[in-house]
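A short write-up of the structure that comes next.
All values below were derived from every heavy atom in this structure, side-chain atoms included, with hydrogens, water molecules and symmetry-related copies excluded. Just so you know, ligand 1 is whichever comes first in the structure, and atom 1 is the first atom listed for that ligand.
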Amino acid sequence: MGVSEKLFEAAQRVLPGGVNSPVRAYRAVKMAPRFLTRADGAYVYDEDGGRYIDYVCSWGPMILGHNHPVIREAVERAVKDGLSFGAPTRREVEMAELMVELVPHIEMVRMVNSGTEAVMSAVRLARGATGRDKIIKFEGCYHGHSDCLLVNAGSSALAGGRPSSAGVPEDIVKHTLTAQFNDLGSVEALLARYPGEVACVLVEPVAANMGVVPPAEGFLQGLRGLCDQYGALLVFDEVITGFRLGTGGAQAYYGVRADLVTFGKIIGGGMPVGAYAGSRALMEQVAPCGGVYQAGTLSGNPVAMAAGLAQLRYLKEHPEVYPQIDGYAERLAAGMREIADRAGVPAAVNQTASLLSPFFAEGTVETFAGASGSDLDRYASYFAGMLQNGVALAPAQFEAMFVSAAHGEEEFERTLEAFERVVRSFS
Ligand code: KE4
């Protein structure tokens with residue numbers, strides 16, 4: 001028994017499922033999780049001496065690769081001045097000013113500590129600002145674990161076979177309506193059925209918690225039009241796409257204005273940071289200047305702000321990162337498609353910017369039904385095979401592969417070699 005297995009046994013005695021977040025338990029791939037010791041560049045290292053090309057990237061934050069010196073040194077400098085004050089600091093102003101500068105259509109930002117908090121708060125603000133109770137989300141999209149959003153959720157809620165959660169009262173979720181991603185008709189039907197009652201339409205602009213499913217041509221523009229028609233707010237959950245599709249995120253990438261935008265992951269540089277943002281008219285309805293309450297002991301934490309600022313400033317000063325990582329992902333997806341075709345193994349590889357997902361399915365995957373209808377057992381075999389070949393992927397189909405600026409030609413070649421070995425074993 002290896003060290004990871006031994007640690008997992010100990011972990012399961014004191015941590016639910018042995019983990020602090022369900023997807024890490026590897027249940028969807030039916031094996032004991034790798035316990036990591038460190039990460040550097042494009043690689044992670046486990047307790048048994050394993051070294052893996054990493055496409056989890058901490059679920060998105062590590063866009064520059066792990067242990068980037070610019071971020072590490074910013075944190076090392078910050079910790080010398082203290083870890084947390086519970087008081088306003090210069091860095092929080094600089095962080096908000098930088099986000100307002102880089103992200104279109106936002107005038108104010110509120111920092112929180114996770115994507116969950118960001119989306120939960122944005123939904124509360126949408127409800128407070130409109131005086132309406134209902135919200136529309138999409139089946140298979142995941143927005144963190146706040147009660148009203150654990151309905152038909154994606155990510156590990158879906159992988160665990162519980163897209164809705166125990167412990168959430170019916171009274172809470174009765175206002176959460178579910179539409180189908182890439183199906184504008186399903187959205188309009190709900191808006192028309194509940195005229196004047198829907199506070200917001202909440203969407204991942206690129207669905208990345210059912211695997212990666214890009215928005216169909218006109219879908220996001222259509223949501224904007226429907227929200228304007230019915231007086232609902234359009235909320236882009238950019239916890240994954242924020243600063244991933246470019247410094248302007250999905251609003252810039254697709255040219256669609258959202259009323260509220262949520263962030264996480266990349267803006268923390270690996271530290272616990274989330275944020276929500278919007279117009280001054282909306283954001284000044286948040287306490288202490290408005291009636292929508294939200295607070296947090298560690299919100300805007302000075303060390304976390306140092307990490308986030310270092311990463312965002314680097315991305316602003318090095319725009320070449322984006323065509324680099326997008327180009328890598330595009331080439332990798334093309335190579336994977338070619339290999340699967342040659343091996344006669346049905347696979348759909350979706351890719352948007354530096355996000356990609358292979359699905360083992362016939363034809364294309366453009367909806368939640370397509371994603372959830374793919375061969376999940378084959379994904380589990382694929383995951384295990386890639387791990388054996390030194391490539392660490394998301395341990396569940398309903399996640400994304402994340403490319404970082406540290407992934408280079410050697411990693412590219414080795415990833416495709418591993419993919420070919422594994423896929424050939426299926427044919
Ligand atoms: P966190 O509370 O995990 O920081 O963010 C929640 C969240 C909100 N919105 C989107 C679009 C997200 O993808 C997430 C979290 N993503 C998952 C991975 N799919 C985090 C990994 C995990 O749950 O351990």
Side-chain angles (χ1 to χ4, degrees), residues 15-28 33 36 54-63 111-123 135 137-160 162-163 165 181 200 202-215 235-245 249-250 258 260-277 296 298-299 301 304 307-308 352-353 355-357 368 371 392-402:
L15 293 163
V19 292
N20 283 307
S21 198
V23 70
R24 303 178 193 169
Y26 278 29
R27 292 209 168 182
L36 300 189
D54 177 33
Y55 290 100
V56 177
C57 293
S58 180
W59 304 102
M62 313 322 289
I63 191 169
M111 310 308 297
V112 292
N113 301 282
S114 69
T116 292
E117 258 195 283
V119 183
M120 175 178 72
S121 307
V123 166
I135 62 173
K137 73 175 289 291
F138 293 87
E139 187 174 19
C141 284
Y142 178 73
H143 304 287
H145 65 89
S146 61
D147 277 356
C148 72
L149 296 174
L150 281 177
V151 175
N152 294 320
S155 184
S156 49
L158 194 57
R162 286 182 295 279
S165 174
F181 191 75
C200 67
L202 169 66
V203 68
E204 291 180 59
V206 177
N209 284 291
M210 54 176 89
V212 176
V213 176
V235 182
F236 272 10
D237 177 353
E238 295 218 47
V239 168
I240 283 183
T241 57
F243 296 93
R244 169 66 56 182
L245 303 189
L260 289 171
V261 192
T262 60
F263 300 91
K265 297 181 192 283
I266 290 174
I267 68 166
M271 301 290 280
V273 180
Y276 59 107
L298 296 174
S299 297
N301 172 273
T352 299
L355 297 168
L356 65 157
S357 285
F368 170 68
L393 301 170
Q397 172 67 70
F398 304 123
E399 303 292 350
M401 286 175 77
F402 296 91

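- Any N or O atom pair closer than 3.5 Å counts here, and Trp59 shares no such pair with ligand 1.
- In terms of protein heavy-atom proximity, atom 2 (O) of ligand 1 is closest to Thr116 OG1, 2.7 Å.
- Nearest heavy-atom pair across Pro205 and Glu238 is CG-CG, 4.0 Å.
- Remark: ligand 1 atoms within the under-4.0 Å shell around heavy atoms of Ile240 are 13 (O).
- Distance CD1/Ile240 to CG/Leu245: 10.0 Å, rounded to 0.5 Å.
- Remark: ligand 1 and Arg24 share no N or O pair separated by less than 3.5 Å (distance only, no angle test).
- For atom 9 (N) of ligand 1, the nearest non-hydrogen atom of the protein is Asp237 OD2, 2.7 Å.
- The closest protein non-hydrogen atom to atom 7 (C) of ligand 1 is Gly144 N, 3.7 Å.
- Residue-to-ligand polar distances place Asn209 within reach of ligand 1: an N/O pair is separated by less than 3.5 Å.
- For a threshold of 3.5 Å applied to N or O pairs, the pair formed by Ser21 and ligand 1 contains at least one separation below that value.
- Proximity of Val239 to ligand 1, defined as any heavy-atom pair under 4.0 Å, is confined to the side chain (atoms from C-beta onward).
- Tested against Phe138, the residues Val213, Asn152, Val203 include a single side-chain contact (heavy atoms from CB on, under 4.5 Å) partner, Val203.
- Once rounded to the nearest 0.5 Å, the distance linking OG1 of Thr262 with CD of Glu204 reads 9.0 Å.
- From Ile63, atom CD1 reaches atom OG of Ser58 across 13.0 Å, with rounding to the nearest 0.5 Å.
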message: Would Ser155 and Glu399 count as a side-chain hydrogen bond (donor to acceptor under 3.5 Å, both in side chains) here? Give the steps.
response: CA-CA 6 Å; Ser155 184; Glu399 303 292 350; 2.8 Å; yes
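- Contacts between Lys265 and ligand 1 below 4.0 angstrom, taking non-hydrogen atoms only, involve the side chain exclusively.
- The shortest contact between atom 1 (P) of ligand 1 and any protein heavy atom is with Gly115 N, 3.6 Å.
- Residue Val119 has no N or O atom closer than 3.5 Å to an N or O atom of ligand 1.
- Residue contacts with ligand 1 for Glu117 are absent, since no atom lies close enough (heavy atoms, distance under 4.0 Å).
- Nearest to atom 18 (C) of ligand 1 among the protein's heavy atoms is Glu399 OE1, 3.3 Å.
- Protein heavy atoms come within 4.0 Å of atom 5 (O) of ligand 1.
- Counting only distance, with no hydrogens or angles, the side chain of Thr241 and the backbone of Gly249 share no donor-acceptor pair below 3.5 Å.
- In Glu204, the part holding a heavy atom less than 4.0 Å from any atom of ligand 1 is the side chain.
- Residue-ligand proximity, Ser155 to ligand 1, at heavy-atom distances under 4.0 Å covers atoms 18 (C), 19 (N).
- When atom types are taken as modelled, the side chain of Thr352 and the backbone of Leu355 share no donor-acceptor pair closer than 3.5 angstrom.
- The shortest non-hydrogen separation linking Met210 to Ala371 is O-CB, 3.2 Å.
- In terms of heavy atoms, Met271 sits closest to Ala307 at CG-CB, 3.5 Å.
- Residue Cys148 comes nearest to Val123 through the heavy atom pair SG-CG1, 4.3 Å, listed as atom of the first residue, atom of the second, then distance.
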